[in-house]
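We're numbering straight along the sequence, starting at 1. Hydrogens, waters and symmetry mates play no part in the numbers below; they use all other heavy atoms, side chains included.
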Amino acid sequence: MRTRVVALEAQTGRRERPCRSALQLVTLQLVTPCRSARFTSVDTSPAPARGPSPDATRAGNALSVGGPTSETDGHTLETDATDTDSDSAGPSRASRRRRTVLLLLALTAVTSATALVAGLLSWAPDPPVPARPLTVTEAERLAAMRVTNLRDLRVGVHVTAGAGAARTDLVGWVDWSRPLLYLDVGGPGAGAERGLLQSAGPVLVTRPDPTAVPTPAAPPLVPPPDRWRLHRLTPGAALAPVLDLLLGLAADRPDPFPAMDGSARWVARDVVAAGPVDVLQAPLPTATPPTPASAATAGTAATGPDGSTRYWLDRDGRLHKLVTRLPGVGPVTVLLNRIDRPTLRPVDALGGRPGLPRALTDAEQRRLDRLPARLRGQGGATLTLTAPVGTDTNLRGAGWLSWAARTAYVAVADLGVPDRRTLLHRDAAGLSRTDVSAEAGGGGAAETPGRPPFPVPAGSWRPTRSPRDDLDLLVDAAVAAAGPVAQRGAAVRVREDLAAGRTVDVVELRTGDARLRYWIDRDGSLRRVELHTGPGAWAQVDLSPAVVPRLGPPPRAAPPSGAPRR
């Protein structure tokens, strides 16, 4: 065989590489499979010296061009069968190897899952840390909690009071520095208080919205200017003790040091949005500032789910959550957002922004001194009246005012009696009133009544020489602004504000027992007169310069026939 291969190489000039073994083919089958080759035998027996025969020539040419087969003298060496056997052995071994690896991976996964399930079934949580008496540091933080709240001024609140159909939700802010509450009241148990609420000290005003969705949202930072009214919380109502609780979470001095006998205890550690906190258990503070509902909740004890209130306090003594129970309310949860603390603006009924009172400048004093002459020169104005003069009496009005004739004529509606109007007439002779139906009194809704009928109708007018109530005082003060000015130095500038799109100076002065505010624009025109009413709210008359009709005195009713004439 070797002799024939050497002879073939000598004739063709090519060297054929022998095929690799079957083991090598299995190892390298994915790289370069061995190509099968056929070797054709060549007769090397001695022969006479003559030129190559045609058959030999054709055989040599076939080998030189790599033909698939070469035949000489009918002898052929076949290697295809051996190569085919070697190629078929490789893939079968690789398939077995892959099946083995997959089987091992499946067994590993099953073993891991079994160990995990067994671990979960046998796992038990660590036992909770038992409650204990407060340490000195914890007691100091709890005692200073209300002082810390007052120092931080204000905070965002979300309160849930009651449960089920009686639940009331409150979302908004509390400003302990004034104090001031500004909340949106909702939930299934909100009742007549559904809507916006503001409370400043003993005065509480609401803006009812019966159509509001049950779920409350944060109220607008700039409160709506209209539809606010004085409101009295019914003693024993669920909302009253909740408002007392919110305002009572601040004080100007530390509380008495918590007792170390176990009545005040450390309960657990927790994590809130602001970070880690300690949960402390102790009674509610007993001293609370005067609030609209303090009489309804005085002397009541508040307890938490386990007999006492729980406080979520951080390392700096800041309160983040409070859970308690209130009599007549049920469970109460208070969440405090310490970073949501915008500057709040009281509504006009509560006096508006507090400002920084100071003495008048020379320019401001000159405008005040020239005010009466300027008003008489203007002649008159249309007026709009908003007067919360009692918890059950919220008045709205519209009409005219003449500074030249020192006369006013107003139709007044009481929100509690929407189908009636009171016609108020003020002139040099004094004040007179008469009550008529809403249609006869100018029409319009109670919130926005129309101007009174003109000319002044006859009727049962009730005259009086001097103002009898806050409504008389407010209308009289608006007319009297064209009279003598208050003594120099008695007025102070409260703040700068806006009225009808104009910048004004709010000037406060006292005349007798009345506390008045004049809103004077930079041109020296009077835009608003405010009166501090008996309940502690502010009533307003907004003025817009205009030409007004001649407001004569109300006609007197003809005396009955046969009555003596005076």
**Q** Between CD of Gln540 and CG of Leu383, what distance do you get to the nearest 0.5 Å?
**A** 13.0 Å
**Q** Does Leu104 have more than 12 heavy atoms from other residues, nucleotides or ligands lying within 6.0 Å of its CG?
**A** yes
**Q** Do Asn337 and His158 pass the side chain to side chain donor-acceptor pair (under 3.5 Å) test, and can you show the C-alpha distance, the side-chain angles, and the key distance before you say yes or no?
**A** CA-CA 8 Å; Asn337 189 342; His158 186 173; over 6 Å; no
**Q** Would a distance-only check, ignoring hydrogens and angles, find a side-chain to backbone donor-acceptor pair under 3.5 Å from Asn394 to Leu230?
**A** yes
**Q** If I compare all heavy atoms of Ala539 with all of Pro388, which pair ends up nearest, and what's the gap?
**A** CA-CD, 4.0 Å
**Q** Do Asp226 and Thr386 have side chains that approach each other closer than 4.5 Å (heavy atoms only, starting at C-beta)?
**A** no
**Q** Sub-3.5 Å donor-acceptor pair from the side chain of Arg353 to the main-chain atoms of Glu496, do we have one?
**A** yes
**Q** For Leu356, is the CG atom crowded, meaning more than 12 foreign heavy atoms sit under 6.0 Å from it?
**A** no
**Q** Taking the side chain as every heavy atom from C-beta outward, state whether Arg229 and Glu447 have any atom pair closer than 4.5 Å.
**A** yes
**Q** First locate atom CG of Leu170, then atom CG of Leu183, and finally report the distance between them rounded to the nearest 0.5 Å.
**A** 5.5 Å
**Q** Under the criterion side chain to side chain donor-acceptor pair (under 3.5 Å), I'd like the reasoning laid out for Trp173 against Asp340: C-alpha separation, chi angles, the key distance, then a yes or no.
**A** CA-CA 8 Å; Trp173 301 275; Asp340 182 19; 3.1 Å; yes
**Q** Let's go through Leu322 and Met145 carefully: what are the C-alpha distance in whole Å and the side-chain angles of both, what is the deciding distance for side chain to side chain contact (heavy atoms under 4.5 Å, CB included) to 0.1 Å, and is it a yes or a no?
**A** CA-CA 12 Å; Leu322 181 145; Met145 177 199 68; 5.8 Å; no
**Q** So, Arg167 side chain and Gly189 main chain: donor-acceptor pair closer than 3.5 Å or not?
**A** no
**Q** Supply the atom-to-atom distance Ser466 OG to Leu473 CG, rounded to the nearest 0.5 angstrom.
**A** 9.0 Å
**Q** Let's go through Arg420 and Asp435 carefully: what are the C-alpha distance in whole Å and the side-chain angles of both, what is the deciding distance for salt bridge (charged side-chain N to carboxylate O under 4.0 Å, His left out) to 0.1 Å, and is it a yes or a no?
**A** CA-CA 7 Å; Arg420 301 293 294 175; Asp435 297 324; 5.5 Å; no
**Q** Which atoms form the tightest heavy-atom contact between Val267 and Gln281, and what is the distance?
**A** CG2-CB, 3.6 Å
**Q** With a 4.5 Å limit on heavy-atom distance, are the side chains of Asp152 and Leu150 in contact?
**A** no
**Q** Would the distance check show the side chain of Asp469 and the main-chain N or O of Leu471 forming a donor-acceptor pair, the cut-off being under 3.5 Å?
**A** yes
**Q** Can you see whether Trp266 has Arg132 sitting over its ring - NZ or CZ less than 6.0 Å from the centre and within 45° of the normal?
**A** yes
**Q** Could you check Asp316 against Thr148 for side chain to side chain contact (heavy atoms under 4.5 Å, CB included), going step by step and ending with a plain yes or no?
**A** CA-CA 9 Å; Asp316 298 324; Thr148 303; over 6 Å; no
**Q** Treating Arg154 as the side-chain partner and Pro342 as the backbone partner, does any N or O pair qualify as donor plus acceptor under 3.5 Å?
**A** yes
**Q** Quick check: does any side chain N or O of Arg178 sit under 3.5 Å from a backbone N or O of Gly201, one acting as donor and the other as acceptor?
**A** no
**Q** Got a second to check how far Tyr518's OH is from Glu508's CD, nearest 0.5 Å?
**A** 12.0 Å
**Q** For the side chain of Asp470 and the backbone of Thr533, is there at least one donor-acceptor N/O pair under 3.5 Å apart?
**A** no
**Q** Are Arg517 and His532 side-chain neighbours, meaning at least one heavy-atom pair lies under 4.5 Å?
**A** no
**Q** Hey, what do you get for CG (Leu516) to CG (Leu474), rounding to the nearest 0.5 Å?
**A** 8.5 Å
**Q** With side chains defined as the heavy atoms from C-beta onward, is the minimum distance between Leu181 and Leu243 less than 4.5 Å?
**A** yes
**Q** Please give me the minimum heavy-atom distance between Leu134 and Leu280, naming the atom from each residue.
**A** CD2-CD2, 3.7 Å
**Q** Grab the two heavy atoms, one from Val185 and one from Ala190, that are nearest each other, plus how far apart they are.
**A** CG1-CB, 4.0 Å
**Q** Tell me the closest heavy-atom pair linking Pro535 and Val389, and the distance in Å.
**A** CG-O, 3.4 Å
**Q** For a side chain to side chain contact (heavy atoms under 4.5 Å, CB included) check, start with the C-alpha distance between Asn149 and Val155, then their side-chain angles and the critical distance, and finish with the verdict.
**A** CA-CA 8 Å; Asn149 287 338; Val155 70; over 6 Å; no
**Q** Stepwise, does the salt bridge (charged side-chain N to carboxylate O under 4.0 Å, His left out) test hold for Asp348 with Arg528?
**A** CA-CA 12 Å; Asp348 292 338; Arg528 173 181 284 186; 3.4 Å; yes
**Q** Do Pro219 and Pro223 have side-chain heavy atoms sitting under 4.5 Å apart?
**A** no
**Q** For a quick check under 3.5 Å, do Asp270 and Trp312 share a side-chain donor-acceptor pair by atom type?
**A** yes
**Q** Tyr182 pairs by side chain to side chain contact (heavy atoms under 4.5 Å, CB included) with which of Leu196, Asp175, Leu197?
**A** Leu196
**Q** For Pro418, is there any backbone N or O sitting under 3.5 Å from a side-chain donor or acceptor partner on Arg421?
**A** yes
**Q** When you measure from the side chain of Arg318 to the backbone of Arg338, do you find a donor-acceptor pair of N or O atoms at a distance under 3.5 Å?
**A** no
**Q** Out of curiosity, Arg227 CZ to Thr206 OG1, how far, rounded to the nearest 0.5 Å?
**A** 10.0 Å
**Q** Can you see which heavy atom on Leu431 is nearest to which on Pro467, and at what distance?
**A** CD1-CA, 3.9 Å
**Q** Test side chain to side chain contact (heavy atoms under 4.5 Å, CB included) on Val277 and Leu313; report intermediate values, then the result.
**A** CA-CA 5 Å; Val277 294; Leu313 287 180; 5.9 Å; no
**Q** Is any side-chain heavy atom of Arg527 closer than 4.5 Å to a side-chain heavy atom of Leu543?
**A** no
**Q** Under 3.5 Å, side chain of Arg396 to main-chain N/O of Leu415, donor-acceptor pair present?
**A** no
**Q** Might you work through the salt bridge (charged side-chain N to carboxylate O under 4.0 Å, His left out) test for Arg367 and Asp523, ending with a clear yes or no?
**A** CA-CA 8 Å; Arg367 282 197 293 270; Asp523 295 333; over 6 Å; no
**Q** Do Arg269 and Asp278 have side chains that get closer than 4.5 Å, going by heavy atoms?
**A** yes
